[in-house]
Colleague: 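Supplied in structure tokens, the structure appears directly below.
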Number of protein chains: 2
Amino acid sequence: MTDPAEERNTTAPARLRTLPTRLLSLVTMHSDRIVTEGLAGADARKWHYAVLATLEENGPASQAELSRRTGVYRSDLVAVINELSARGLVERAPDPADRRRNVITLTGAGRDRLRRLDALIGSLADEVLAPLDAAERDQLTALLTRLLDHHGGHPGPG
Amino acid sequence: MTDPAEERNTTAPARLRTLPTRLLSLVTMHSDRIVTEGLAGADARKWHYAVLATLEENGPASQAELSRRTGVYRSDLVAVINELSARGLVERAPDPADRRRNVITLTGAGRDRLRRLDALIGSLADEVLAPLDAAERDQLTALLTRLLDHHGGHPGPG
DNA sequence: GTACATCGTTAGTGCGACTAACGCAAGGGA
DNA sequence: TCCCTTGCGTTAGTCGCACTAACGATGTAC
């Protein structure tokens, strides 16, 4: 292997190169990697951001409600809340009105953290969408949104 | 929960709903599920299709070369070739010119199978892209292709 | 000939989506 | 009042997939 340009990614056959479902998979793989690694560098995960953002926009909520809004399974949400509360970004308290529930509340530190993550996520999204101009990004977002709506939102817990 | 329309997917916060990286993840999740389940119903997997298509378009190849073209790790490719050859769709033979390699060859049955999978994948892609008209599908494909090219093809083995 | 690279293969890791089942609490009839 | 159903938080565990590490065997370069 003497030519570094040929080391990897010998071109795939035409059928695969233009197959939309495959394109989605591959692009998402890159995108997820960039986001996951970027967030890991800030001691965070995608779910952390999703939960914090949901709390800020909709106010305190039970874990089940957070699960419905974010698409994270409530079984997995337990660990997320543990991590967030261990960092002091969130508070978990039993709901006096319904003793089955925990009320999750965003703390001041959580709000600060969310600001930083907003900026970070923005720059990571920029990295993913680098080759597209503003109009094209809007196009992509609109197309994806329509697909998502058609298929019924996040696939996860319901 | 008496209203079936409200059972699931309480709307997510705006920040999440418009975040392109998240949209990609969610749409791909739906897409992958549809494709994977559709192929499973025909006793096939995504990788089977990728390998068969590559073999037809580029002719017989070693496993390492198939790995580069499809993006499947050569460690995982072993099982794929096993499955394909067990079904008589492919033949694995040692390469007399380079005894490290196996030459993988598409059989007649493999070609027939590929035809059926082509049709199946087409209909599954239709299902994924249902809400988009032809022009919009082209748009989406073009945008995704540019993103993929920018990030250097399939992320996998190189 | 010796050092290095490539090939096929085996084994194993890590993570994310997803399921099952539990004890507990709330609400709605009879 | 008892029961039955439903929702809640939590624990444990499964499954598939991307990915790594290492191996013996073979080919290639110096």
Side-chain angles (χ1 to χ4, degrees), chain A residues 1-4 6-8 10 22 25-26 28-37 39-40 45-48 50-51 61-68 70-83 85 92-104 154-158, chain B residues 1-4 6-8 10 22 25-26 28-33 35-37 39-40 45-48 50-51 61-68 70-83 85 90 92-104 154-158:
Chain A
M1 215 54 88
T2 51
D3 182 355
E6 278 184 339
E7 299 186 328
R8 39 180 299 140
T10 307
R22 182 179 162 96
S25 284
L26 294 179
T28 296
M29 222 178 247
H30 283 288
S31 168
D32 274 359
R33 174 138 61 204
I34 288 173
V35 171
T36 300
E37 289 178 357
L39 286 177
R45 312 185 189 180
K46 292 186 288 184
W47 292 343
H48 293 192
V51 167
S62 70
Q63 297 182 193
E65 194 182 341
L66 287 174
S67 169
R68 282 180 226 113
T70 59
V72 179
Y73 278 76
R74 65 190 210 278
S75 47
D76 297 325
L77 198 56
V78 176
V80 176
I81 302 297
N82 286 344
E83 292 161 5
S85 75
R92 180 200 260 132
D95 184 345
D98 184 343
R99 307 211 324 269
R100 294 170 301 179
R101 303 185 187 183
N102 291 333
V103 181
I104 312 300
H154 43 64
Chain B
M1 216 52 91
T2 51
D3 182 354
E6 278 185 337
E7 292 182 339
R8 40 179 299 141
T10 307
R22 182 180 163 98
S25 284
L26 294 179
T28 296
M29 221 178 248
H30 283 289
S31 169
D32 274 359
R33 173 137 61 206
V35 170
T36 299
E37 289 179 356
L39 286 177
R45 312 186 189 181
K46 292 187 286 184
W47 293 342
H48 293 191
V51 167
S62 70
Q63 297 182 193
E65 194 183 340
L66 287 174
S67 169
R68 282 180 227 113
T70 59
V72 179
Y73 277 75
R74 63 188 212 278
S75 47
D76 296 326
L77 198 56
V78 176
V80 177
I81 303 297
N82 286 343
E83 292 162 5
S85 76
V90 136
R92 180 201 260 133
D95 184 345
D98 184 341
R99 305 205 333 263
R100 291 171 303 180
R101 303 185 187 185
N102 290 334
V103 181
I104 311 299
H154 42 64

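Everything numeric here is computed off the predicted structure, so don't read it as measured data. Chain letters run A, B, ... following the sequence lines, proteins first and then strands; every chain starts at 1.
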Colleague: Could you state the CD-P distance from B/Glu83 to C/dT9, rounded to the nearest angstrom?
Modeller: 13 Å

Colleague: B/Thr28: what forms a side-chain hydrogen bond (donor to acceptor under 3.5 Å, both in side chains) with it, not counting sequence neighbours?
Modeller: A/Thr28

Colleague: Taking only side-chain nitrogens and oxygens of B/Asn82, does any of them come within less than 4.0 Å of OP1 or OP2 of C/dT9?
Modeller: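 Answer no for this pair, as no side-chain N or O of B/Asn82 is under 4.0 Å from OP1 or OP2.
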
Colleague: Restricting both atoms to N or O, compile the protein contacts to nucleotides 22-29 of chain C shorter than 3.5 Å, with distance only.
Modeller:
residue : atom : partner : partner atom : Å
C/dA26  : OP1  : A/Arg99 : N            : 3.1

Colleague: Report the residues that fulfil salt bridge (charged side-chain N to carboxylate O under 4.0 Å, His left out) with A/Arg100, sequence neighbours left out, ordered by chain and then residue number.
Modeller: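 Partners of A/Arg100 by the salt bridge (charged side-chain N to carboxylate O under 4.0 Å, His left out) criterion, ordered by chain and then number, come out as A/Asp98.
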
Colleague: Expressed in angstrom and rounded to an integer, what is the separation of B/Leu66 atom CG from C/dT6 atom P?
Modeller: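 Rounded to whole Å, this separation is 18 Å.
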
Colleague: Is there a side-chain contact between B/His48 and B/Val90 (heavy atoms, below 4.5 Å)?
Modeller: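 Side-chain contact under 4.5 Å: no.
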
Colleague: Within this structure, what is the CG-to-P distance between A/Leu26 and D/dC19, rounded to whole angstrom?
Modeller: 10 Å

Colleague: In whole Å, what is the span from the CD atom of B/Glu37 to the C1' atom of D/dC15?
Modeller: 14 Å

Colleague: With sequence neighbours excluded, what pairs up with B/Arg45 under the salt bridge (charged side-chain N to carboxylate O under 4.0 Å, His left out) test?
Modeller: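 For B/Arg45 the salt bridge (charged side-chain N to carboxylate O under 4.0 Å, His left out) partners, ignoring immediate neighbours, are B/Glu83.
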
Colleague: Could you tell me which residues satisfy side-chain hydrogen bond (donor to acceptor under 3.5 Å, both in side chains) with B/Ser25, sequence neighbours excluded, listed by chain and number?
Modeller: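 For B/Ser25, the residues satisfying side-chain hydrogen bond (donor to acceptor under 3.5 Å, both in side chains) (neighbours in sequence not counted) are A/Asp32.
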
Colleague: Report yes if at least one side-chain N or O of A/Gln63 is closer than 4.0 Å to OP1 or OP2 of D/dT10; otherwise report no.
Modeller: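 Yes, A/Gln63 has a side-chain N/O under 4.0 Å of OP1/OP2 on D/dT10.
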
Colleague: Does any non-hydrogen side-chain atom of A/Val72 lie less than 4.5 Å from one of A/Val51?
Modeller: no

Colleague: What's the CG-P distance between A/Leu77 and D/dG7, to the nearest Å?
Modeller: 18 Å

Colleague: Taking the side chain as C-beta and beyond, is there a heavy-atom pair between A/Arg22 and B/Lys46 under 4.5 Å?
Modeller: no

Colleague: Rounding to a whole Å, what distance do you find between A/Ile81:CD1 and D/dG9:C1'?
Modeller: 11 Å

Colleague: Between A/Leu39, A/Leu77, A/Val80, which is the residue that forms a side chain to side chain contact (heavy atoms under 4.5 Å, CB included) with A/Trp47?
Modeller: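 Result: among A/Leu39, A/Leu77, A/Val80, A/Val80 is the only option passing the side chain to side chain contact (heavy atoms under 4.5 Å, CB included) with A/Trp47.
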
Colleague: May I ask you to decide if B/Arg33's main-chain N or O and B/Thr36's side chain share a donor-acceptor pair within less than 3.5 Å?
Modeller: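 The answer is no, because no donor-acceptor pair under 3.5 Å joins these two groups.
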
Colleague: Give the B/S/- string for nucleotides 13-18 of chain C, one per nucleotide from 5' to 3', where a protein heavy atom under 4.0 Å of the base yields B, of only the sugar-phosphate yields S, and otherwise -.
Modeller: ----SB

Colleague: May I ask you to verify if any side-chain N or O of A/Arg92 is less than 4.0 angstrom from the OP1 or OP2 atom of D/dT10?
Modeller: yes

